[in-house]
Structure formats: C-alpha cells, structure tokens
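Only this structure's heavy atoms are used, side chains among them; waters, hydrogens and symmetry mates stay out. Keep in mind that this is a model prediction, so the values were computed, not measured. For the single chain, residues carry numbers from 1 onward in sequence order.
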Amino acid sequence: MLNPEYVQGHQLLDGKSVLITAAAGAGIGFSAALRAAEEGCRALMISDIHEGRLVEAAEKIKAETGLKAIYTQVCNVTDEEQVQTLVAAAEEKLGGVDVLINNAGLGGSKLLVEMEDAEWNRVLDVTLTGTMRMTRAILPKMMERKSGVIVNNASVLGWRAQKEQAHYAAAKAGVMALTRCSALEAAEHGVRINAVSPSIALHDFLRKSAPQELLQQLASREAFGRAAEVWEIANIMMFLASGYSSYMTGEIISASSQRA
C-alpha cells in the first residue's frame, strides 16, 4: 500500500449538486470537489476565505473534468451572515443543494496550560461552530425537499489523545457528537448526516506547517505505515454522499485504524 492507485470516477454523484466549504488550496476540500466532479455531479459550488485560490481551484476543476457548472462563493464560516449568503447562493445557482460537505476546520499546536481563550475559541469557532452554522442553515432546505446528504470532516483526534491538541481534539469530538445528534433530527425528513474521521492526510500546507519528524511519527502509527493521500479521504466522502451509503446516518467512519 505504499503507492495507492487513484480510482477513476464511477458516477456515484450522477445528477447531484454539491456544496463544499474550505475547498481552495490543495487539501481534502479541494480533492473532494475534484472527486465530486469526477463522480458526475451536475453542479458544484466551492467556498473558502481565500478568493484568489478559490477561483484558481474552480478553474482547475473545470479544466481537468470538463464540468462547466462550477461556482465560487467567499465565505468565513465564523460569520453567520456569510454562511446564510453562501447557502442562499448555492440554493439558487445549484437549483437546490443535494450534498453539503462541511470541510472547514482550523488546527494548531499549543500546550493547554499555555493556551489563551482566544486560541481555544478560534479553533472551536471555525471547526465546530462553523460546521453547526452550515448544518443549521442548509437543513431546513433539505428537510423541505425530504432529501439531502451532509458529510462532515471530523478527525481521529476526536477519539485519540495527543499533546498540544486539546482545542482541536475537543472541536473534532464535538463535530462527531453534532453529526450523531443532528442525524437523528434529520432522519425523519429523509436527510442523512455522516462524518469521516481522517488520521493524517498529507498535503502541501501540512508539509510546510508541521515538523517533518512529527508527520513521520504519526504516519508510522497507521495501519499501512503511511499517511493518507487527500483523495483517499475524499473517496470516503464520495461514498457517504452517494446512494451506496443510503442506510447510514449518524456514523463516523475512521480512515485507517487509529481510533484509540
């Protein structure tokens, strides 16, 4: 498993419209957007706080997949007004949102005894409360249509302890709890909500921002002895977004084996 093979699209999202947060750059969000296009979605909207990178991401997806119905919307998920604007724009331009992928999140490393309230609050506001804001905004639309899927990006740190990660781990554990509770509320309206829990997925920003020694140490703990490729996590998101997971809701899928 040192060189995983990129799986070609199988039209898992044929005819679906997809909205993805934090999809600029080269991380899981962008990979999920690319995969959604490869899996045959009819329309796609991506959002991020970085307008320039957002436009570049849309152009790249369009060039690589041929999907013409790609839209962008700048959105900071910590701002309720921007969240409402994003959802309204997506509903209008996509003709209704079939799939929402909540990918926005923020990390950092700091010992708890050195952490200030502002650092704690910032991570939770983006990662947990931002996911809640997006879910709260889109659910009434999906409930009214009696259909829809929400996929949240959690983390194995919601289960597993790691030094200097109290804020991020607490936020991701919250995303897991939010997934389970909101799924029960949405189920009677025909809406499914699940999450993927990645351990370590390497992308350019992570390679630049984290110590190489730490990344190697974390990767060595994995079942395959390596970090995931971002598209491997996106593949799980596509499964959860598709009809292949039609009897799943309130579930958190762990990528690799690191649950504890």
[X] (side chain) donor-acceptor with [Y] (main chain) under 3.5 angstrom:
X	Y	value
S197	S155	yes
E64	I61	no
R42	L94	yes
S17	D98	yes
E92	A89	no
K172	N153	yes
H50	D48	no
R192	M248	yes
T21	A104	yes
N121	D117	yes

Do [X] and [Y] pair up side chain to side chain, a donor and an acceptor below 3.5 Å, judged on atom types alone?
X	Y	answer
N152	T179	yes
S199	E222	yes
S242	E39	no

Is any side-chain heavy atom of [X] less than 4.5 Å from a side-chain heavy atom of [Y]?
X	Y	answer
E81	Q84	no
M45	V18	no
P4	E232	yes
Q162	R160	yes
V151	N102	no
K62	L67	no
I46	L44	yes
F30	K60	yes

So, taking the atom named [atom1] in [X] and the one named [atom2] in [Y], what distance separates them when rounded to the nearest 0.5 Å?
X	Y	atom1	atom2	answer
N76	D125	CG	CG	8.0 Å
L128	M176	CG	CE	12.0 Å
L12	F239	CG	CZ	9.5 Å
M142	T135	CE	OG1	9.0 Å
I28	M237	CD1	CE	5.5 Å
T127	N103	OG1	CG	10.5 Å

Taking every non-hydrogen atom, the tightest pair across [X] and [Y]:
X	Y	value
I49	C75	CG2-O, 3.4 Å
S254	V156	OG-CG1, 4.2 Å
A186	M143	CA-CE, 3.9 Å
A170	W120	CB-CH2, 3.7 Å
M134	V77	CG-CG1, 4.1 Å
A183	I193	CB-O, 3.6 Å

Side chain to side chain contact (heavy atoms under 4.5 Å, CB included), paired with L240, selected from N194, V99, V149: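 For L240, the side chain to side chain contact (heavy atoms under 4.5 Å, CB included) test succeeds with only one of N194, V99, V149, which is N194.
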Go through the steps for T249 and V191 under the test side-chain contact (heavy atoms from CB on, under 4.5 Å), then give the verdict. CA-CA 9 Å; T249 197; V191 179; over 6 Å; no
Is it true that, when you exclude [X] itself, more than 12 heavy atoms of the residues, nucleotides or ligands shown sit nearer than 6.0 Å to its [atom1]?
X	atom1	result
K110	NZ	yes
R122	CZ	no
E51	CD	no

SB check [X] [Y] (cutoff 4.0 Å):
X	Y	answer
E80	R136	yes
E91	K141	no
R180	E185	no

Under the criterion side-chain contact (heavy atoms from CB on, under 4.5 Å), I'd like the reasoning laid out for I138 against V97: C-alpha separation, chi angles, the key distance, then a yes or no. CA-CA 8 Å; I138 203 73; V97 177; 3.9 Å; yes
Taking the six-membered ring of Y6, is NZ or CZ of R35 closer than 6.0 Å to its centre and within 45° of its axis?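 Satisfied, under 6.0 Å and within 45°.
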